[in-house]
Amino acid sequence: MPLLPSDARPSELPASVYTDPERFELEREKVLNRTWQIVCRSSEIPAAGDHVVWDGHGETIVVTRRRDGGVAGFHNVCMHRGARIVKESGCGARRFSCRWHNWTYDFEGNVLGVPDREDFAPEQLEGLAAPSVECAEWGGWVWVVLAGPGVAPPLLDFLGEELVGDLGAYRMEDMVLVEKLTWELPVNWKVVIDGFNENYHAPALHKVSAQDAKDGRESTFFTMGPHGMMVVPYKGVLPRLKETRDHQSLAICHYTVFPTAVFNNNPNHIQLFRSVPLAVDRTRFETWELQYDPQGDEDYLAGVSAHWNRLKDVVAEDVEIYQEVGATKRSSAYRRNIFNDHECKITHFHQVVQQMLDA
């Protein structure tokens, strides 16, 4: 099996891809708002009226568990005079009210109540609603398309059969959210995605052993439509991995779900590395730790907890280097990024972004 896709080549990008404010606004409109984004775990809104307020790249939305068990969402903007309708996440709401003038909304964002309705022209209020977002659930996650229904393909079509089958084999819907860590970083959102789309940095930044570095050279890279995958073998398992191809038991599998999510899958627990753009040079970076229900298995719990604690130190090293990238973003010497052929997932990611901008 080839280690690299057939079209893998060294490539370059101008620094403006990461620093241009006008480009960032186009990415908001044409890429980020028109693709499926993860908002929360389904378990965070288990009952009717439970809701999450999510903010990112200038948008604010409310996602709510409907009474029929489904999920609905709308932009968190009052149609009267633009105030945020819902201030924070919560449980058991029956409806939502804007605190400024007490306009009320249902779970789909439809305007229910307007004080002194007779003082408005009827046509101002007829059918009035906060713009909806498309919602779906898969893998125990709630996903949304901010631009609304019908803009993106259905979620499973967007993910694709290959990714759904391979990533879905981990049964994330059966896993429990153990911890969520959040940092605000002084870098463009794509810097974070780039960092988790290669393992070239591991020997230098994470000080992995010589054997790990050698085995890491045998990592395998794939593209799946707009998405990507990287299989990094555990130390000492290469012969068995080549024989069995059992990557999910013998390797770390990185699944990049375009555009802002990277799943870091170990055989018995998973991290989601999530890039949430805030501005052209500001990103909220989230790390979510998912584990299976130990069901009294103390050995499993001790093992994954110890590994998660080590991984938190590794992620802290990534965060530190993102700060170093942020320190040079306005330097006249920062003119381009150059990528080798083993950084092909980065190249593919940027090609998909550019294709959406050009469309």
Side-chain angles (χ1 to χ4, degrees), residues 2-9 11 13 17-18 27 31-32 34-39 56-57 138-139 141 143 145 152-153 155-170 172 185 187-202 216 219-233 247-248 251-266 270-277 283-290 311 314-315 318 321-322 337 339-357:
L3 298 181
L4 303 178
S6 59
D7 60 350
R9 301 286 188 277
S11 67
L13 278 179
V17 166
Y18 303 91
E27 289 173 349
V31 179
L32 299 166
R34 300 177 69 85
T35 49
W36 286 96
Q37 307 281 331
I38 291 173
V39 168
H57 52 90
W138 180 78
W141 300 97
W143 308 67
V145 179
L155 176 59
L156 294 185
D157 292 344
F158 173 78
L159 296 174
E161 183 178 354
E162 191 174 9
L163 181 65
V164 167
D166 214 82
L167 178 56
Y170 288 89
M172 289 186 290
L185 303 174
V187 296
N188 183 268
W189 66 280
K190 299 185 296 297
V191 172
V192 175
I193 299 301
D194 289 355
F196 293 109
N197 261 334
E198 47 87 3
N199 64 338
Y200 180 45
H201 69 277
S219 297
T220 312
F221 299 83
F222 306 88
T223 57
M224 306 173 177
H227 318 294
M229 180 181 173
M230 175 173 64
V231 177
V232 183
H247 56 289
Q248 292 169 329
I252 303 169
C253 298
H254 285 255
Y255 300 87
T256 302
V257 179
F258 186 85
T260 57
V262 179
F263 290 94
N264 184 61
N265 290 32
N266 297 275
I270 291 173
Q271 295 76 46
L272 168 64
F273 299 139
R274 172 87 158 100
S275 176
V276 181
T283 298
R284 184 170 73 243
F285 169 48
E286 303 169 349
T287 297
W288 307 56
E289 165 70 2
L290 302 182
L311 282 177
V314 173
V315 173
D318 292 311
I321 209 66
Y322 293 141
N337 285 7
F339 305 114
N340 65 42
D341 60 358
H342 279 67
E343 294 171 299
C344 55
K345 276 183 67 189
I346 302 177
T347 299
H348 177 70
F349 165 74
H350 286 280
Q351 287 172 342
V352 177
V353 171
Q354 192 61 53
Q355 288 164 6
M356 294 194 71
L357 294 181

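Each residue takes its place number in the sequence, starting with 1. Hydrogens, waters and symmetry mates play no part in the numbers below; they use all other heavy atoms, side chains included.
Atom CG in Leu3 sits 8.5 Å away from atom CZ in Phe221 (nearest 0.5 Å). Taking CD1 from Ile193 and OG1 from Thr283, the interatomic distance works out to 9.0 Å, rounded to the nearest 0.5 Å. Taken to the nearest 0.5 Å, the CZ atom of Phe339 stands 4.5 Å off from the CG atom of Leu13. One finds the CG atom of Asn337 at 10.5 Å from the OG1 atom of Thr347 (value rounded to the nearest 0.5 Å). Between Trp36 atom CH2 and Ile38 atom CD1 the span is 11.5 Å, to the nearest 0.5 Å. To the nearest 0.5 Å, the span separating CG on Leu167 from CD on Gln248 amounts to 9.0 Å.
Looking only at atom types and distance, the side chain of Glu289 has no donor-acceptor partner in the side chain of Thr287 under 3.5 Å away. For Asp194 and His350, the side-chain atoms include at least one donor-acceptor pair closer than 3.5 Å.
Between Trp138 and Trp143, the ring-plane angle classifies as tilted under the 30° and 60° cut-offs.
Counting only heavy atoms from C-beta outward, the side chains of Gln37 and Leu32 approach each other to under 4.5 Å. By the 4.5 Å heavy-atom criterion applied to side chains, Leu159 and Val257 are counted as neighbours. Contact annotation: the side chain of Phe349 never approaches that of Pro226 to less than 4.5 Å [non-hydrogen atoms, C-beta and beyond]. Using a 4.5 Å heavy-atom threshold, the side chains of Ile252 and Asn264 count as touching. The closest side-chain heavy-atom distance from Met356 to Phe258 is below 4.5 Å.
Nearest heavy-atom pair, Glu27 versus Val17, reported as atom, atom and distance to 0.1 Å: OE2-O, 4.1 Å. Between Asn199 and Met230, the shortest heavy-atom distance links the atoms N-SD, 3.9 Å. Looking at every heavy atom in both residues, Pro233 comes nearest to Ala251 through CA-CB, 3.9 Å. What you find for Met172 and Gly139 is that their closest heavy atoms are CB-O, 3.1 Å.
A cation-pi arrangement, defined by a distance under 6.0 Å to the six-membered ring centre and an angle within 45 degrees of its axis, is present between Lys190 and Tyr18.
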Query raised in the report: Run the side-chain contact (heavy atoms from CB on, under 4.5 Å) check on Met229 and Val231 step by step: do they pass?
Result: CA-CA 7 Å; Met229 180 181 173; Val231 177; 3.5 Å; yes
Requested in this report: Decide side-chain contact (heavy atoms from CB on, under 4.5 Å) for Ile346 and Glu198; before the verdict, give the C-alpha distance in whole Å, the side-chain angles of both, and the deciding distance to 0.1 Å.
Outcome: CA-CA 7 Å; Ile346 302 177; Glu198 47 87 3; 3.7 Å; yes
Query raised in the report: Hey, mind stepping through Lys345 and Thr223 against side-chain hydrogen bond (donor to acceptor under 3.5 Å, both in side chains) and telling me if it holds?
Result: CA-CA 7 Å; Lys345 276 183 67 189; Thr223 57; over 6 Å; no
**Report entry** From CA spacing to verdict: side-chain contact (heavy atoms from CB on, under 4.5 Å), Val262, Leu272
**Finding:** CA-CA 6 Å; Val262 179; Leu272 168 64; 5.9 Å; no
Query raised in the report: What's the verdict on side-chain contact (heavy atoms from CB on, under 4.5 Å) for Val276 and Thr260, showing C-alpha distance, side-chain angles and the deciding distance?
Result: CA-CA 7 Å; Val276 181; Thr260 57; over 6 Å; no
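The six-membered or imidazole ring of Phe196 lies near that of Phe285, with a centre-to-centre distance under 6.0 Å. Aromatic pair Trp141/Trp288: centroids less than 6.0 angstrom apart.
Looking only at distances, no side-chain donor or acceptor of Ser275 sits under 3.5 Å from a matching main-chain atom of Val192. For the pair His348 (side chain) and Gly225 (backbone), a donor-acceptor distance under 3.5 Å is present. At distances below 3.5 Å, not a single donor-acceptor pair connects side-chain atoms of Glu161 with backbone N or O atoms of Val164. Within the 3.5 Å criterion, the main-chain N or O of Gln351 finds no donor-acceptor partner in the side chain of Gln354. Tyr255 places no side-chain N or O within donor-acceptor distance of the main-chain N or O of Leu163, the cut-off being under 3.5 Å. Judged by distance alone, with hydrogens and angles left aside, the side-chain atoms of Asn340 form a donor-acceptor pair with the main-chain N or O of Glu343 at under 3.5 Å.
Paired with His247 under the rule side chain to side chain donor-acceptor pair (under 3.5 Å), one option of Thr220, Asn265, Asp166 passes, and it is Asp166.
A salt bridge links Arg284 with Glu286: the closest approach of a Lys/Arg side-chain nitrogen to an acidic carboxylate oxygen falls below 4.0 angstrom.
Applying the ring-ring contact (aromatic ring centres under 6.0 Å, His included) criterion to His227, with sequence neighbours excluded, gives Phe158.
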